[in-house]
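Reviewing the structure listed below.
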Amino acid sequence: MTDYNLPDILLLVDKTKRFLIWIPDKSYIVLGASNKAEDALFLEKVKQDDITVLKRPSGGQTVMLTPNNLIISVVFFQPDNLHPKVVFNQINSLIIESLERAGVKNLAMRGISDIAIDGKKILGSSIYRSKEALLYHSVLNFGEPASTFEKYLKYPSKEPDYREGRKHSEFVTSLKEKGFSQTNNQLADFISQRFELASLQSDGFIKSEALF
Amino acid sequence: MRYIFNFPDIGEGLEEGTILEWYVTKGQAVKAGQALCNMETDKVVTDIPSPKNGTIVATFGKVGEIALVGKPLVEIEIEGVFGAEAVVVAKEEVKPPLTEPIDEGGAGVVGTMELAGSNALLAASDEGSEKKEVEVKPVKKALATPLARAMARDLNIDINLIKGSGPSGRVTKEDIQNYKPNKATESVVRQESYKQPANADAVTYEPLTQIRKAIAKNMINSKQSAAHMTLFEEVEISELMRIRDRYKKSYADKNSKLTYLPFIVKATVNALKKHRQLNSQLDMENDRMIFKNYYNIAIAVDTPEGLVVPVIRDADKLSLFEIAQKISELSDKARDRKLTIEDMKDGTFTLTNYGSIGGIFATPVINYPQAGILGIGRLLKKPIVKEDQIIVGNVLSLSLAVDHRIVDGGEASRFINSIMEYLSDPVLMMME
């Protein structure tokens, strides 16, 4: 297992960028800060398929990233006045707005920090916070079949209320499965534009100084 | 003096966290804001800062163990608190911790936090007898489905007493339904106030929509930030009705609908020009008023999803016809959920036309940070006195709510009088 070294970790040191929307170059499994590989993974299958396992600094359960996902990362420096709940709410609201503008319907925030379509998870997010910075990151499942997650990830030790005991394949969906026809690069542009707008706005629903 | 620092809610509304790492040990000096430990909740990993300067006397919980929100995390010997104060505090009854916002210099956690109150300061000499109050044991928590947890909570059952039949010993709904407390466990069933037993048909849970969340946030912000004061008035508008009837058809020919609202927008803009306090906002941070030299009238629109408030920009530069068209366009966009943030920002004064649904008077909530909102009630036929004769009048009720920090009662009255003058004599507003 390796320490988290994916592109968004650079947001914590490169202070010129406030967010990064990126597509993984291959499949990774990323353990939450307190997750143990033996508890969270079907290790034999992970080894057999030579999937890189990382441990991220943020909370939450183990996730799998693939080139069919979009990873959305936002950093805030000097986060003394930022409430994690507010950050989840505001960033996920912007993502929902972007997806709605791209034509995705029936989106809703579920659990502590998920976005779901028709009760099925499409995005999960987590936060790492130190005195200097707060890093939000989320995984949007653009087109990965839920069966991939079921192959490598065990049933998590904690679950949101709306999961209701469902296994990965019944709980997770993807935009492609829901008939979304644009590419993940196009979707990344939609979300980037919305984030840019939020960072420029002086008022409206989002207080830019509180967010970006 | 000893200070018990309880594990605060770090902002998710959760009840517990897992200790990932301790940065301090017993006997170590700490400063306010210095990280005590690294804690993980369901979705967040964060450092927990010390609220005080002092020396660590004890830490509660080991790495990997669960800490409960509101329960002691560390005990700190605080510098500079001695003697009589300590004795007085120690004699006080130990009460539950206070909940208050924390604002400690240098601290990295903000929001509503469980803070130990002054009564949690224990005199050093009494610590042996008080220790039991603060002792924390690691929590062995049962694995359970959320539904099972909710049912157990509703039924006052300690879920940790139940042997689960699900995967990895997870407690399921069926386990709760089949649970029968025996004599040994009866004594630990919590005795709380009566709660309605879990019944799937009794309530329906639905997630909050984004619009509802935004409405809730904005309404509370307004009520907490502005000093609301409301004036009620009635205005006779028979002349306006005649003008509207005369031009309604020509508007319809141009594919536009002439309602009373464009007249009210026009009257409001004209009145705002005369009474600039109503088109302003208070900038407390910089000790100044901001008077707007533009007139963006926000219109509250009722949609199936909830209230939205699009804005007619530069309404002072628009003709009555253009205002009517704009209202129609924004209403359509609101109902089709096509409004953008651009459509809804920068309003300077708001109108809310609840009368079209049925209300007469109201106490509207100001669209903060604006200075006022005008509520338009139902148009009613009422007896009125004109030239000493009782006749049937067409009476429109108005409710003006203002931020009394900005607008005095006299100015509010003069403003609503101006609007009434324009509405009762609409030619006047066209002349200006």
Side-chain angles (χ1 to χ4, degrees), chain A residues 32-35 39 56-61 78-89 92-93 96-97 100-101 107-114 116 119 124-132 134-135 154-155 157-165 194 197-198 201-206, chain B residues 9-14 17-21 33-35 38-47 49 63-64 103-112 143-150 166-168 170 172-173 205-210 213-214 217-218 337-338 340-342 344-346 369:
Chain A
S34 66
N35 293 161
D39 295 337
R56 67 176 185 270
S58 55
Q61 298 297 311
Q78 297 176 322
D80 283 7
N81 295 318
L82 284 180
H83 222 272
K85 202 171 183 176
V86 172
V87 173
F88 281 135
N89 191 38
N92 289 347
S93 294
I96 286 178
E97 274 182 41
E100 283 178 340
R101 284 187 188 190
L107 292 157
M109 283 197 223
R110 302 300 299 266
I112 295 167
S113 59
D114 291 351
S125 56
S126 66
I127 280 176
Y128 162 73
R129 176 159 119 168
S130 68
K131 199 173 168 185
E132 290 76 32
L134 182 152
L135 177 68
K154 289 182 182 172
Y155 197 92
S157 58
K158 287 183 179 176
E159 60 184 314
D161 53 358
Y162 76 104
R163 181 160 185 152
E164 295 172 334
R194 187 64 195 90
L197 179 66
Q201 259 171 240
S202 58
D203 56 8
F205 286 132
I206 309 295
Chain B
D9 177 358
I10 62 170
E12 289 175 273
L14 298 178
T18 303
I19 301 166
L20 293 182
E21 186 180 356
Q34 182 179 337
N38 193 232
M39 188 75 79
E40 180 188 33
T41 59
D42 271 8
K43 298 286 179 180
V44 177
V45 169
T46 187
D47 289 343
V63 169
D103 184 15
E104 302 279 1
V109 176
V110 294
T112 304
L143 281 173
T145 63
L147 181 60
R149 269 190 209 291
S168 308
R170 197 175 296 260
T172 63
K173 177 179 127 187
Y205 296 100
E206 287 182 8
L208 290 176
T209 62
Q210 291 312 302
K213 284 182 190 173
K217 192 176 115 192
N218 293 339
R337 300 191 67 187
K338 287 182 178 166
T340 65
I341 286 184
E342 283 300 308
M344 291 189 278
K345 64 186 247 190
D346 295 335

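Values in this document were obtained by computation on a predicted structure and should not be read as measured data. In what follows, chains carry the letters A, B, and so on, assigned in the order in which the sequence lines appear, proteins first and then strands, with residues in each chain numbered from 1.
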Which bit of [X] is near chain B, if near means a heavy-atom gap under 4.5 Å: side chain, backbone, both or neither?
X: Ser34(A); value: both
X: Asn92(A); value: neither
X: Glu100(A); value: side chain

Identify which one of Val63(B), Val45(B), Thr46(B) satisfies the side-chain contact (heavy atoms from CB on, under 4.5 Å) criterion when paired with Leu20(B).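 For Leu20(B), the side-chain contact (heavy atoms from CB on, under 4.5 Å) check succeeds only for Val45(B).
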Give, for atom CG of Asn89(A) and atom NZ of Lys217(B), the distance between the pair rounded to the nearest 0.5 Å.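 NZ of Lys217(B) is found 7.5 Å from CG of Asn89(A).
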So Asp47(B) and Lys131(A), do their side chains get closer than 4.5 Å, heavy atoms only?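 The answer is no, as the side chains (C-beta and beyond) never meet within the 4.5 Å cut-off.
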Arg56(A) (side chain) donor-acceptor with Gly59(A) (main chain) under 3.5 angstrom: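 Judged by distance alone, yes, a pair lies under 3.5 Å.
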